[in-house]
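Have a look at the structure below, then the notes.
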There are 2 protein chains.
Amino acid sequence: MTKPTTLIEVARIAGVSTATVNRVLKGVGYVSADTRARIEAAIKTTRYRPNALARELRKQRSMTIGHVVSAITANPFFASVARGAEDVALESGFRTLLFNHNGSAERERQGIERFIERRVDAVLFTVAASRADVTMLIEEKIPVVQVERAATRDAPSVTVDNAVGALEAMRHFITLGHRRIALVGGDPDQVYYGDPLMRAVEDERLGAYRAGLAAGGLSWNPNYERLGQYYRHEDGAGVQGYTHMRALLAGAEPPTAVFATCDILAAGVLQAIYEAGLRVPDDISVIGFDDTLAINLAPRLTTVAQPMEELGREGFKLALAQIEGDAEPRSIRLPSRLVRRDSAGPVPSATTRRKRA
Amino acid sequence: MTKPTTLIEVARIAGVSTATVNRVLKGVGYVSADTRARIEAAIKTTRYRPNALARELRKQRSMTIGHVVSAITANPFFASVARGAEDVALESGFRTLLFNHNGSAERERQGIERFIERRVDAVLFTVAASRADVTMLIEEKIPVVQVERAATRDAPSVTVDNAVGALEAMRHFITLGHRRIALVGGDPDQVYYGDPLMRAVEDERLGAYRAGLAAGGLSWNPNYERLGQYYRHEDGAGVQGYTHMRALLAGAEPPTAVFATCDILAAGVLQAIYEAGLRVPDDISVIGFDDTLAINLAPRLTTVAQPMEELGREGFKLALAQIEGDAEPRSIRLPSRLVRRDSAGPVPSATTRRKRA
DNA sequence: ATGACATGTGTCATCGATGACACATGCCAT
DNA sequence: ATGGCATGTGTCATCGATGACACATGTCAT
């Protein structure tokens with residue numbers, strides 16, 4: 001840390017007291033034009049920059065929000081949420097401190113301890129690694145906002161209504177004539193130890209798949225429902241989607257449409273299809289979820305988009321509301337929606353299929 | 001900001017002075033076992049947490065590194081670099097403050113001002129938006145490290161030797177029998193206004209392409225060299241690669257191999273090939289650069305990998321060296337290397353090609 | 001002439017942690 | 001018994017910004 005000019009030095013140079021300099025800086029109170037000019041000159045020549053540490057210590061307000069994310073490298077989703085939060089924070093004069101827990105509750109705990117030492121004004125969790133960390137902050141009376149997934153009802157959250165977009169996707173498939181629709185997704189039981197609150201995301205997507213089937217008058221086929229983890233660290237991302245799709249293709253009656261509950265899984269699905277020499281959407285249609293990788297895949301993936309940046313923005317706003325002591329901040333729910341691109345098409349007719357086989 | 005217990009309160013509760021509490025906290029000097037026990041008990045019951053702001057103000061050391069990145073959402077590359085830097089920083093007791101300039105020099109300037117006010121101990125630039133921002137910090141005597149691209153020679157940098165991996169890629173193509181090898185890449189003249197230092201990345205990759213051609217005894221074909229911006233904000237990512245590949249396919253003698261100097265471009269290339277009904281690597285081989293999207297594409301992309309996290313790690317280390325006043329920290333250069341996956345194969349024979357046509 | 005008010009500026013305690021310095025004991029060696 | 005040293009603890013200035021408070025002087029209305 002270098003030692004830039006202090007306000008005291010500026011005052012000395014301008015031949016006034018620190019209070020007067022402060023008045024000029026804050027633009028409050030009376031200061032004669034002459035004095036003001038001298039002070040402004042001193043500020044300019046010394047390239048004075050206020051010391052935020054001193055100010056924050058004095059004002060007991062750090063103007064900083066801690067943002068805990070799973071792992072910003074694991075899924076572009078987190079980067080987008082973080083960016084949304086950062087943008088609004090900046091507009092409000094706040095800054096965000098980002099922290100990756102990488103799935104480790106222990107690491108998350110350490111990160112939070114540092115947040116507290118740093119006296120952050122609030123903490124955003126874009127998925128907490130451990131509920132205990134969330135409740136600990138609540139006990140410490142530090143405002144908390146949960147983004148995407150809520151670990152507790154004791155703090156407000158910003159979540160997505162996964163069902164609307166997912167149902168739209170199912171309707172899209174059905175309208176296109178598909179009757180053999182498979183699901184490749186995260187298993188509610190395996191995700192976050194099946195925690196009843198945390199698994200909401202998977203429950204909603206899975207529920208919408210089944211509801212969509214029913215709404216379309218289609219029966220539920222257990223062989224078409226492939227649930228598992230999103231990815232295991234041993235493998236790379238996407239491997240799960242690939243494996244599931246291989247299994248589906250090897251089955252007796254392969255589906256003509258696949259709904260993957262995450263673009264990373266969808267990427268794996270596309271890989272398996274590609275490897276099998278089939279084409280999307282000619283032979284099989286695919287819809288993903290998230291709209292993270294979608295635009296980069298071949299073909300460009302039709303997917304259910306989540307308002308990622310908005311999640312971050314609304315998360316910050318809820319945090320700010322708590323900081324300012326606004327009435328009880330309620331939780332927010334944002335919609336998801338289907339983005340149609342090139343991976344979902346009409347069900348192949350029998351003749352079409354024969355021709356390609 | 002809540003008001004947690006202060007060291008003063010702990011001292012009062014334990015019936016000692018703040019100096020003694022500080023001794024226990026720091027583990028220095030003499031403290032009787034009895035006193036120590038009382039203090040430790042007080043710390044525990046009050047859940048005391050030191051105020052980092054006060055400490056940093058007093059010690060004139062913020063233990064914070066500012067990290068300016070282009071836009072963490074634009075390319076997974078940045079997220080990985082940031083993560084690498086964060087990891088090492090944490091190990092050294094530092095934290096990183098992330099800031100996205102999103103390509104705006106003005107925004108970058110604001111971010112840096114805040115870094116200075118925050119009294120960061122050093123600043124990492126994973127690509128500065130403006131050279132002026134880098135030199136400004138240098139003038140302020142704040143240690144700077146440039147990662148991936150250097151805007152000035154006046155501060156150390158961690159860069160990648162793009163040529164080694166790129167040459168490896170070219171050799172791979174040639175070994176596989178390809179003779180019509182195209183390039184889809186960033187144009188050195190268009191990138192960062194063609195700044196002689198900043199364009200080094202593009203120069204190296206483009207240079208390696210040409211050198212690889214020559215080394216393989218192949219002549220340079222201007223029609224095979226497609227240069228442009230990586231992406232324009234009006235479009236989405238990857239569009240540039242798609243457009244270039246469409247043009248190549250529409251040409252008289254389409255290439256049998258394409259070297260894309262960035263995975264995002266490669267993704268677009270794959271989309272165009274897919275759309276044309278051709279297969280990779282059967283009809284056309286593709287190699288990318290970065291290893292960001294590669295593993296998610298179909299087929300899994302052979303690509304030149306950059307040591308992204310290492311860039312961040314080494315960047316932090318160079319910053320730390322400067323902070324600690326170690327001798328003149330010299331710049332570092334990391335190698336790139338080819339990662340073979342499924343998108344590069346033998347050149348199709350004439351018969352193979354006829355069969356598919 | 002005097003009180004009321006606008007204008008202009010300075011003093012200083014405060015935020016919390018730090019560590020230099022001072023000041024106690026008690027014990028041992030000379 | 002006296003100096004030297006280990007042991008144990010307290011006092012207080014400091015880091016830089018903030019803003020309440022006090023204290024000037026000048027102007028105007030009554």
Side-chain angles (χ1 to χ4, degrees), chain A residues 1-40 42-43 46-64 93 113-114 116-121, chain B residues 1-40 42-43 46-64 93 113-114 116-121:
Chain A
M1 191 148 84
T2 49
K3 299 132 213 72
T5 328
T6 69
L7 186 149
I8 300 169
E9 274 178 81
V10 171
R12 200 177 40 68
I13 292 171
V16 296
S17 72
T18 59
T20 305
V21 177
N22 193 39
R23 271 180 213 109
V24 171
L25 255 20
K26 293 280 142 3
V28 299
Y30 296 107
V31 180
S32 71
D34 177 56
T35 311
R36 161 168 284 118
R38 282 208 324 282
I39 292 173
E40 275 166 356
I43 288 175
T46 59
R47 265 116 115 275
Y48 166 73
R49 292 220 185 61
N51 185 323
L53 299 173
R55 179 196 302 131
E56 291 166 13
L57 172 61
R58 174 61 227 253
K59 302 193 36 161
Q60 299 283 296
R61 200 58 146 35
S62 71
M63 299 302 281
T64 302
E113 289 291 341
R114 309 192 65 154
I116 297 180
E117 293 184 6
R118 234 1 219 281
R119 300 300 188 261
V120 296
D121 295 321
Chain B
M1 192 148 81
T2 49
K3 302 130 209 77
T5 328
T6 69
L7 187 149
I8 300 168
E9 273 177 82
V10 171
R12 197 176 42 67
I13 291 171
V16 296
S17 73
T18 60
T20 304
V21 177
N22 194 39
R23 270 180 213 109
V24 172
L25 254 20
K26 292 279 139 9
V28 299
Y30 298 105
V31 179
S32 71
D34 177 56
T35 311
R36 161 167 285 118
R38 282 208 323 282
I39 292 174
E40 275 165 357
I43 288 175
T46 59
R47 266 117 115 274
Y48 167 73
R49 294 222 185 60
N51 185 324
L53 299 173
R55 179 198 301 130
E56 290 166 14
L57 172 62
R58 173 62 229 252
K59 300 189 48 156
Q60 299 283 298
R61 200 56 147 37
S62 71
M63 299 301 280
T64 301
E113 290 291 342
R114 309 193 64 153
I116 297 179
E117 293 184 6
R118 245 339 232 271
R119 299 301 189 261
V120 296
D121 295 321

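Everything numeric here is computed off the predicted structure, so don't read it as measured data. So you know, we letter chains A, B, ... as the sequences are listed, proteins then strands, and number each from 1.
- Side-chain atoms of B/K59 lie closest to C/dG19 of the nucleotides C/dG19, D/dG19, D/dC15.
- If you check D/dT7, C/dA17, D/dT18 against the side chain of B/Y30, the one that comes closest is D/dT7.
- The separation between A/I39 atom CD1 and C/dG8 atom P is 13 Å, rounded to whole Å.
- One can place CD of A/Q60 at 14 Å from C1' of D/dG19, the figure rounded to the nearest angstrom.
- Side-chain N or O atoms of A/T46 include none that pairs as donor or acceptor with a backbone N or O of A/V10 at under 3.5 Å.
- Checking D/dT9, C/dG16, C/dG10 against the side-chain heavy atoms of B/A54 singles out C/dG16 as nearest.
- Summary of the strand contacts: A/V31 and B/L7 both lie near DNA chain C, and taking for each the nucleotide with the nearest heavy atom, the more 5' one is attributed to A/V31.
- When the side-chain nitrogen and oxygen atoms of B/S32 are compared with OP1 and OP2 of D/dT7, none of them lie within a distance under 4.0 Å.
- OP1 or OP2 of C/dT18 has at least one side-chain nitrogen or oxygen of B/N22 nearer than 4.0 Å.
- As a whole-Å value, the separation of B/R12 CZ from D/dT9 P is 19 Å.
- The nearest heavy atom of DNA chain D to B/R58 and to B/R36 marks one nucleotide each, and the one closer to the 5' end goes with B/R36.
- For the pair A/E56 and A/R118, the salt-bridge criterion is not met [side-chain N within less than 4.0 Å of a carboxylate O].
- Nucleotide C/dA17 holds its C1' atom 8 Å from the CD1 atom of B/I8, rounded to whole Å.
- Which of D/dG10, D/dT18, D/dC12 sits closest to the side chain of B/S17 comes down to D/dG10.
- Regarding B/L57, its CG atom lies at a distance of 6 Å from the C1' atom of D/dG16, rounded to whole Å.
- Within the 3.5 Å criterion, the main-chain N or O of A/E117 finds no donor-acceptor partner in the side chain of B/R49.
- Between B/L25 atom CG and C/dT18 atom C1' the separation is 11 Å, expressed in whole Å.
- Note on A/V16: only backbone sugar-phosphate atoms sit closer than 4.0 angstrom, heavy atoms only; bases stay farther off.
- Residue contacts shown for B/T18 include a base, since a base heavy atom lies under 4.0 Å away.
- Side-chain contact of A/R23 with A/T35: a donor-acceptor pair under 3.5 Å is absent, judged by distance alone.
- For the pair A/L25 and A/Y48, the tightest heavy-atom approach, listed with the atom from each and the gap, is CD2-CE2, 3.7 Å.
- D/dA17 atom P lies 10 Å from atom CD of B/E117, rounded to whole Å.
- The nearest whole Å value for the distance from the CZ atom in A/R38 to the P atom in C/dG8 is 13 Å.
- Closest contact between the side chain of B/A19 and the listed nucleotides D/dA6, D/dG10, D/dG16 involves D/dG10.
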